[in-house]
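Worth saying up front: this structure is predicted, and the values here are computed from it rather than measured. Numbering of ligands and ligand atoms starts at 1, following listing order.
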Amino acid sequence: MLLGAIADDLTGAADLALTLAREGMKTVQVVGVPEKGFDFGDAEAVVIALKSRTIPADAAIDLSLAAARCLLANGAEQLLFKYCSTFDSTDDGNIGPVTDALLDLLGVPLTLACPAFPANGRTLYRGHLFVGDQLLSDSPMKDHPLTPMRDANLVRVLQRQSRNKVGLVAYNAVDVGSNAVAEAFERAADAGERIVIVDAVTDEHLRAIGRAAAGFRLITGGSGIALGLPENFRRAGKLSGSVTEGFSPPQGPAVMLAGSCSAATRRQIAAATAAGVPVLKVDPLDIAEGRTKADDVAAWVRASGTTVPLVYSSDDPAEVKKAQDVLGRDRAGEVVEHLLASVAVNLKRGGYNRFLVAGGETSGAVVNALGVQAMRIGPEIDPGVPWTHSIGDERPVALALKSGNFGADDFFLKAWGMLA
Ligand SMILES: Nc1ncnc2c1ncn2[C@@H]1O[C@H](COP(=O)(O)OP(=O)(O)OP(=O)(O)O)[C@@H](O)[C@H]1O
Ligand SMILES: O=C(O)[C@@H](O)C(=O)CO
């Protein structure tokens with residue numbers, strides 16, 4: 001193992017694993033910290049998917065350190081802490097506290113933080129994160145149910161979360177190239193900074209940053225920051241150069257489950273509805289008060305005919321707020337996640353083996369409930385979203401785990417054609 005990655009959610013892990021595989025590393029994604037002795041095969045990159053984005057910071061630190069120790073014990077030369085390209089976090093964490101803990105574990109002076117993902121419209125300029133043409137704080141992320149992002153200045157955001165000094169390597173250096181970035185890293189370390197936010201507007205910037213960070217033991221960012229890392233190992237003659245395909249998803253009945261309330265997911269639901277996909281909307285209050293039950297929802301799925309049906313709880317910010325005002329933010333999220341996960345388990349028991357899930361927290365809940373331990377990465381549906389299938393189980397399942405804000409409007413319609 002060369003690169004060991006810790007992802008703070010499951011869709012983000014798949015996004016990262018897709019990038020690493022595409023850039024030529026044999027990559028395996030595992031769900032949760034594997035047991036001692038887990039066989040990573042001939043993987044050159046391993047992505048451990050946690051569900052640590054929105055849990056209390058102490059718990060996120062413990063899980064991330066356990067994952068890091070596992071990766072280091074299996075030979076990882078470089079660690080990558082993967083978080084969301086929209087820097088999803090709160091003032092209590094978890095990006096800052098986990099980065100601090102990993103820096104201490106490794107005993108290294110400096111790391112970088114770069115969530116940029118230009119292919120999905122996330123760019124970083126003078127420390128400010130843009131989502132498409134909008135500042136993060138003007139984008140729909142300002143209304144995220146769990147991690148509303150109301151400040152686009154990531155130096156400020158991260159400094160509120162970290163006990164280390166946070167600096168900036170700005171566009172001027174990044175645009176010049178990897179040597180200029182490496183010099184900027186040295187200046188930052190001399191100034192006592194321990195984490196630097198790094199601007200990036202294009203994939204070329206991300207590759208230059210990757211090259212400049214070849215000697216870093218710890219890198220943090222979105223999947224974009226992984227674009228330039230495989231090349232460092234290739235240049236050092238460490239990559240085998242043969243990324244085996246071996247993607248063989250099971251054939252069988254399928255369902256779509258969406259718990260993401262992100263703007264992109266809601267557009268995708270509208271497009272699927274307009275195209276005649278059978279849809280069922282579930283409501284957090286109905287679930288909490290026992291009016292909507294997993295068994296009934298699963299029965300509806302089974303009765304819905306040949307077109308792959310969609311069950312969703314996704315709603316607009318005003319409706320989400322209403323549910324949260326009654327149930328509290330965490331409980332509203334939990335009841336929905338638990339319902340959708342229970343529906344998935346019920347359906348799997350009845351032979352369903354193809355699941356498309358929208359939302360990182362939602363995907364984490366579903367995949368944990370399905371007992372999936374590891375996944376092989378398959379074809380890309382849209383930037384950052386691959387088809388995958390589980391490995392190591394008797395009854396494998398195909399999984400498309402879509403980050404809330406990823407995918408074109410016709411995502412729910414076109415994804416199935418790629419599995420035919
Ligand atoms: N109608 C609703 N009211 C309140 N909370 C909801 C509702 N529907 C879903 N949720 C909760 O909102 C959260 C959405 O988070 P999730 O990570 O699944 O999606 P996302 O943030 O859009 O995706 P990603 O993390 O991949 O960007 C989940 O905890 C989900 O249970
Ligand atoms: O980086 C992203 O935007 C995604 O991989 C993700 O983490 C969404 O949960």
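Side-chain contact between Phe355 and Val255: present, with at least one pair of heavy atoms (C-beta onward) separated by less than 4.5 Å. Side-chain atoms of Val311 and Leu340, non-hydrogen and from C-beta on, do get closer than 4.5 Å to each other. Residues Asp9 and Lys51 form no side-chain contact, since every pair of their non-hydrogen atoms from C-beta on lies 4.5 Å or further apart. In this structure, Phe185 and Val196 have side chains that are in contact, with non-hydrogen atoms separated by less than 4.5 Å.
Sorted by chain and number, the residues within 4.0 Å of ligand 2 by heavy atom are Asp9, Thr11, Gly12, Asp15, Arg53, Lys82, Tyr83, Cys84, Ser85, Ser403, Phe406.
Ser89 and Tyr83 share no donor-acceptor pair across their side chains, judged by distance under 3.5 Å alone. Side chain to side chain, Gln268 and Lys402 meet the donor-acceptor criterion of an N or O pair below 3.5 Å. No side-chain N or O of Arg69 forms a donor-acceptor pair with one of Asn74 less than 3.5 Å apart.
Under the side-chain contact (heavy atoms from CB on, under 4.5 Å) test applied with Ile219, the options Ile209, Leu80, Leu79, Leu3 reduce to a single match, Leu80. For the side-chain contact (heavy atoms from CB on, under 4.5 Å) with Leu399, the qualifying choice from Val372, Leu10, Val366, Leu356 is Val372, the only one to do so.
The residues Lys414 and Asp382 are annotated as salt-bridged, a charged nitrogen and a carboxylate oxygen being separated by less than 4.0 angstrom. The pair Asp138-Lys142 fails the salt-bridge criterion, with no side-chain N (NZ, NE, NH1 or NH2) lying under 4.0 Å from an Asp/Glu carboxylate O. Looking at Lys281 and Asp286, no side-chain N of the basic residue comes within less than 4.0 Å of a carboxylate O on the acidic one, giving no salt bridge. Salt-bridge check for Asp315 with Lys322: failed, with every basic side-chain N at 4.0 Å or more from each acidic carboxylate O. Salt-bridge annotation for Lys238 and Glu77: present, with a side-chain N of the basic residue lying under 4.0 Å from a carboxylate O of the acidic one.
Each of the following atoms of ligand 1 lies closer than 4.0 Å to a heavy atom of Asp9: 25 (O), 26 (O). Distances below 4.0 Å separate heavy atoms of Ser403 from the following atoms of ligand 1: 26 (O). Close approach of ligand 1 to Pro145 is summarised as follows: ligand atoms under 4.0 Å from at least one heavy atom of the residue are 12 (O). Less than 4.0 angstrom separates some heavy atom of Ser262 from each of these atoms of ligand 1: 20 (P), 22 (O). For ligand 1, the atoms lying closer than 4.0 Å to a non-hydrogen atom of Gly360 are 16 (P), 17 (O), 18 (O), 19 (O), 23 (O), 24 (P), 25 (O), 26 (O). Atoms of ligand 1 lying under 4.0 Å from any heavy atom of Glu337, numbered from 1 in the order shown and given with element: 28 (C), 29 (O), 31 (O). Taking every non-hydrogen atom of Val336 and a distance limit under 4.0 Å, the qualifying atoms of ligand 1 come out as 9 (C), 31 (O). Applying the 4.0 Å criterion to heavy atoms of His144 picks out, from ligand 1, the atoms 20 (P), 21 (O).
Residue-to-ligand polar distances place Thr11 within reach of ligand 1: an N/O pair is separated by less than 3.5 Å. Ligand 1 has no nitrogen or oxygen under 3.5 angstrom from a nitrogen or oxygen of Asn405. When only interatomic distances are considered, the shortest N/O to N/O separation between Thr362 and ligand 1 falls below 3.5 Å. Note: no N/O pair closer than 3.5 Å links Ala358 and ligand 1 by distance alone. Polar contact with ligand 1: present for Gly404 (N/O pair, distance under 3.5 Å). The N/O atoms of Glu361, backbone and side chain alike, include one that comes under 3.5 Å of an N/O atom in ligand 1.
Protein heavy atom closest to atom 6 (C) of ligand 1, with residue, atom name and distance, is Cys261 SG, 4.0 Å. Of all protein heavy atoms, the one lying nearest to atom 25 (O) of ligand 1 is Arg53 NH1, 3.3 Å. Ranking the protein heavy atoms by distance from atom 14 (C) of ligand 1 puts Gly259 O, 3.4 Å first. Of the protein's non-hydrogen atoms, the one nearest atom 8 (N) of ligand 1 is Ser313 OG, 2.8 Å. In this structure, atom 4 (C) of ligand 1 lies nearest to the protein heavy atom Val320 CG1, 3.7 Å. Looking only at protein heavy atoms, the nearest one to atom 31 (O) of ligand 1 is Gly333 O, 2.8 Å.
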(request) Kindly indicate, with the supporting measurements, whether the criterion salt bridge (charged side-chain N to carboxylate O under 4.0 Å, His left out) is fulfilled by Arg194 and Asp100. (result) CA-CA 9 Å; Arg194 224 166 160 214; Asp100 290 349; over 6 Å; no

(request) Any chance you could lay out the salt bridge (charged side-chain N to carboxylate O under 4.0 Å, His left out) test for Arg207 and Asp203, step after step, and finish with the verdict? (result) CA-CA 6 Å; Arg207 289 183 194 278; Asp203 285 357; 5.4 Å; no

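The aromatic ring centres of Phe406 and Phe411 sit 6.0 Å or more apart.
Nearest to atom 2 (C) of ligand 1 by heavy-atom distance, out of Gly359, Pro284, Ala365, is Pro284.
Here Leu146 has side-chain heavy atoms under 4.0 Å from ligand 1, and that is the only part of it that gets that close.
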